[in-house]
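Read through the structure below, which is laid out as structure tokens, and then see the notes.
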Amino acid sequence: MLRYRGVLSIILTIFILVSESYAYGYKETLKIAGDNNYPPYEFVDENGNYKGFNVDVMNAISIELGIDIEIIPMNWNDALMSLRRGEVDIVQGMTKSLYRKSIFEFSNELVINSQAIFVRKDTSFVTEVKDLSGLKVACQKGDVSDELIRNVSDITLLEKENQGLAIEALLNNEVDAFVGNRLTGLYYLQKTKRIEDVKIVGEPMHTIQYCSATKKGDKETLAILNEGIKRIKKNGTYDKIYKKWFGESFSDTNEKWKQLFYIAQIMIIITLGFTLSVYYWNKRLKKEVEKQTREIKEKQKEIDQNDRLKGKIIESIISGIIAFDSTGKIINFNSFAKNLLEVDIQEGMTWHDIDIYERIKVEEIKRVLSNETLKKSIQWKLRNGEIKYIDCSIIPIKGPECVEGVIMYFYDYTKEKNLNEMIIHHDKMQALGKLSAGVAHELRNPLTSVKAFIDMIPEKIDNINFREQLMRIVPQELNRLNNLVSVLLDYSRPKESNPQEVYFDELIKDVLLLLNPHFKKKEIKITQKFNNLIFWADVSQTKQIILNIIVNSIDAIVKKGRIDITGHIEDDKAVIRIWDNGCGINKSNINKVFDPFYTSKKDGYGIGLSITHQLVQENKGEISIKSVKGEGTLVTIRFPIYPD
């Protein structure tokens with residue numbers, strides 16, 4: 001009887017585990033992707049083993065819930081794209097951000113993460129994110145730190161496959177700073193024994209939840225994750241994993257304090273001996289100091305006289321002058337500079353205090369300090385809102401052995417610029433006159449037809465053929481007028497774009513379906529080559545762009561032609577190419593195709609490609625055309641794949 005009870009217990013246990021697994025709806029293995037080089041969260045060690053905090057958490061959830069999992073290490077960017085395409089079910093660790101929440105589902109938090117700025121020990125001019133302007137900065141491609149620094153102006157961003165390579169770029173002097181996960185950065189530095197060469201500056205940035213992620217809308221898998229996280233936190237497994245990976249100190253601070261204590265004792269002894277020596281020497285030196293002081297006072301009078309003379313010379317110059325030493329402090333200036341910039345300049349202030357750093361970057365000052373002269377045009381906004389246009393020349397102050405500072409020379413060319421803009425405006429008015437003439441010509445033709453019919457109504461109103469022609473032709477001409485006016489309004493007042501993710505596979509289907517009768521009529525063969533092409537633009541405007549280009553290709557083909565449509569990602573841009581083997585464009589006319597009212601068609605307005613060009617620019621894109629007369633035309637469009 002006892003034996004049967006034991007067998008019954010085993011069967012019940014198996015039944016409960018199987019039932020629990022099926023309760024979450026999974027009969028197959030969950031595929032989980034992770035970064036192959038993001039310690040201590042997840043990484044492949046030197047023996048080829050995949051380990052880390054995230055790996056241990058996923059394994060603990062698998063055991064706790066009785067579900068099968070397969071953890072796949074890969075490049076971080078590939079992991080993101082695999083989840084978006086549905087090739088994996090989960091990315092085991094991802095920092096939550098506003099943009100990522102729009103394309104992924106996030107579990108309950110695993111840890112609270114923060115990003116940090118890492119610089120070399122000898123760097124002193126970087127204390128916060130805005131100081132990265134003008135510098136070369138490394139980060140991991142696809143990491144949340146990319147979102148933090150992408151909007152910093154004039155930054156040179158070097159994206160690496162993982163954070164280890166990004167830190168190596170900093171250590172190898174390829175970049176000025178690295179921005180990334182604080183714990184991962186410290187882990188690499190401690191592992192490579194280079195922690196003394198690098199420092200973290202500023203406050204922790206972007207303190208936010210670090211979670212697991214599933215595909216958008218996959219609530220079922222998300223429920224599995226949240227239940228697993230809840231259970232391992234409740235039974236203490238999570239705490240053990242956390243202490244295993246994050247409970248260690250990256251540097252022995254106690255040992256450092258001991259060393260400092262011993263050094264302090266030695267310094268006290270040396271200081272006491274030095275103090276006694278100084279006391280005896282002080283008596284001897286006192287008399288010598290008094291003598292030197294008298295001589296210095298006499299020389300100081302001469303220096304003051306020379307300084308007053310130099311000051312008068314600087315004040316007499318009718319351009320602004322500000323002189324800085326090599327540390328960036330103001331050592332001299334004239335009142336013209338104060339009045340021009342409307343800034344209360346004082347000696348001892350830095351170039352940060354007068355906002356010069358927002359127009360002239362750190363990297364440019366470094367170039368001048370290395371004995372290079374720089375000229376730059378800047379805009380300066382006054383308190384009343386007026387904009388001053390200033391030419392700024394930055395000249396090195398050369399010392400006996402090195403450059404000791406810089407002089408900034410400001411020249412106000414606002415009046416000259418305004419005069420130049422008046423000339424440009426005059427040219428625009430001339431161009432507008434030509435445009436108006438083209439519009440008038442296009443409007444006159446249908447109006448003439450309508451007027452002719454109206455004039456004949458009294459005489460031929462009883463003529464059946466006349467009435468039929470009147471009812472057929474007049475509406476056609478009025479529609480022609482309406483279409484022309486609508487096209488002109490679209491060209492002159494384009495609607496504001498609403499950028500979002502564009503799935504090109506779906507968009508091109510709609511366009512080709514609309515144009516299918518034209519393809520059949522001219523026996524045109526369409527070829528397509530693109531796969532899951534996604535970019536950032538306004539969907540309706542993108543349809544109009546593609547439609548306009550393909551319609552031009554159809555018009556260029558007489559019979560039995562071919563149109564090839566291809567797309568791929570290149571340098572963070574979605575590149576779309578549309579090629580046809582139509583009649584092509586003359587080399588002399590290729591630069592005019594985007595001009596309003598330029599057309600080679602007998603019945604065209606010449607506005608389609610002009611509007612297309614405007615819509616591409618509206619969506620932060622680029623468009624170019626290459627063509628060979630008699631062979632065909634290639635149109636290339638580039639759209640950003642990420643929002644600004």
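Counting begins at 1 with the first residue of the sequence.
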* Asked: Run the side chain to side chain contact (heavy atoms under 4.5 Å, CB included) check on E404 and D325 step by step: do they pass?
  -> CA-CA 6 Å; E404 297 180 351; D325 64 16; over 6 Å; no
* To do: Step by step, work out the salt bridge (charged side-chain N to carboxylate O under 4.0 Å, His left out) result for E174 and K160.
  => CA-CA 12 Å; E174 294 179 38; K160 294 291 186 177; 3.8 Å; yes
Could you tell me whether [X] atom [atom1] has more than 12 heavy atoms of other residues or ligands within 6.0 Å of it?
X: N49; atom1: CG; value: yes
X: K199; atom1: NZ; value: yes
X: K216; atom1: NZ; value: yes
X: K136; atom1: NZ; value: no
X: K121; atom1: NZ; value: yes
X: L98; atom1: CG; value: no
X: R182; atom1: CZ; value: no

So, [X] side chain and [Y] main chain: donor-acceptor pair closer than 3.5 Å or not?
X: E105; Y: G217; value: yes
X: N334; Y: I321; value: yes
X: S102; Y: Y99; value: yes
X: T184; Y: P39; value: yes
X: N619; Y: G621; value: no

If you compare all heavy atoms of [X] against all heavy atoms of [Y], which two are closest, and at what distance to 0.1 Å?
X: N498; Y: D538; result: N-OD2, 2.7 Å
X: N181; Y: Q115; result: N-OE1, 3.3 Å
X: I155; Y: L135; result: CG1-O, 3.7 Å
X: V179; Y: C139; result: O-CB, 3.5 Å
X: W76; Y: D35; result: CB-OD2, 3.4 Å
X: Y188; Y: Q163; result: CE1-C, 4.0 Å

Please report the interatomic distance [atom1]([X]) to [atom2]([Y]), rounded to the nearest 0.5 Å.
X: L170; Y: N173; atom1: CG; atom2: CG; value: 8.0 Å
X: C211; Y: R100; atom1: SG; atom2: CZ; value: 11.0 Å
X: S212; Y: I32; atom1: OG; atom2: CD1; value: 7.5 Å
X: L165; Y: K141; atom1: CG; atom2: NZ; value: 13.5 Å

* Could you check if a side-chain atom of E42 sits within less than 4.5 angstrom of a side-chain atom of F53, using non-hydrogen atoms only? => no
* To do: Answer yes or no: is there a side-chain heavy-atom contact under 4.5 Å between L157 and I149?
  => yes
Verify the distance criterion only: is there a donor paired with an acceptor across the side chains of [X] and [Y] at less than 3.5 Å?
X: T221; Y: D218; answer: yes
X: Q92; Y: N54; answer: no
X: Q140; Y: N162; answer: no

* **Residue of the set W245, Y210, Y242 for which ring pair (Phe, Tyr, Trp, His ring centres under 6.0 Å) holds with Y41** =>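 Between Y41 and the candidates, ring pair (Phe, Tyr, Trp, His ring centres under 6.0 Å) is satisfied uniquely by Y210.
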In terms of side-chain geometry, is the basic nitrogen of [X] or [Y] positioned less than 4.0 Å from the acidic oxygen of its partner?
X: K31; Y: E70; result: no
X: E87; Y: K215; result: no
X: K375; Y: D391; result: no

* **Evaluation steps, side chain to side chain donor-acceptor pair (under 3.5 Å), between Q209 and K96** => CA-CA 6 Å; Q209 294 175 330; K96 186 189 292 187; 2.9 Å; yes
* Could you walk me through whether D197 and R120 pass salt bridge (charged side-chain N to carboxylate O under 4.0 Å, His left out), step by step? => CA-CA 6 Å; D197 299 333; R120 288 183 292 277; over 6 Å; no
* Test D89 against T214 for side chain to side chain contact (heavy atoms under 4.5 Å, CB included), laying out the working first. => CA-CA 6 Å; D89 302 296; T214 67; over 6 Å; no
* Going through the distances and angles, do I112 and I208 end up as a side chain to side chain contact (heavy atoms under 4.5 Å, CB included)? -> CA-CA 6 Å; I112 297 296; I208 199 168; over 6 Å; no
* Check the pair F530 / F504 against ring-ring contact (aromatic ring centres under 6.0 Å, His included), numbers first and verdict last. => CA-CA 9 Å; F530 42 81; F504 191 66; 5.0 Å; yes
* With a distance cut-off below 6.0 Å to the six-membered ring centre and an angular limit of 45° from the axis, does K233 pair with Y238 as a cation-pi contact? ->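 Judged by the rule, K233 and Y238 form a cation-pi pair.
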* **Trace of the side chain to side chain contact (heavy atoms under 4.5 Å, CB included) decision for T123 with F125** => CA-CA 6 Å; T123 301; F125 56 84; 4.2 Å; yes
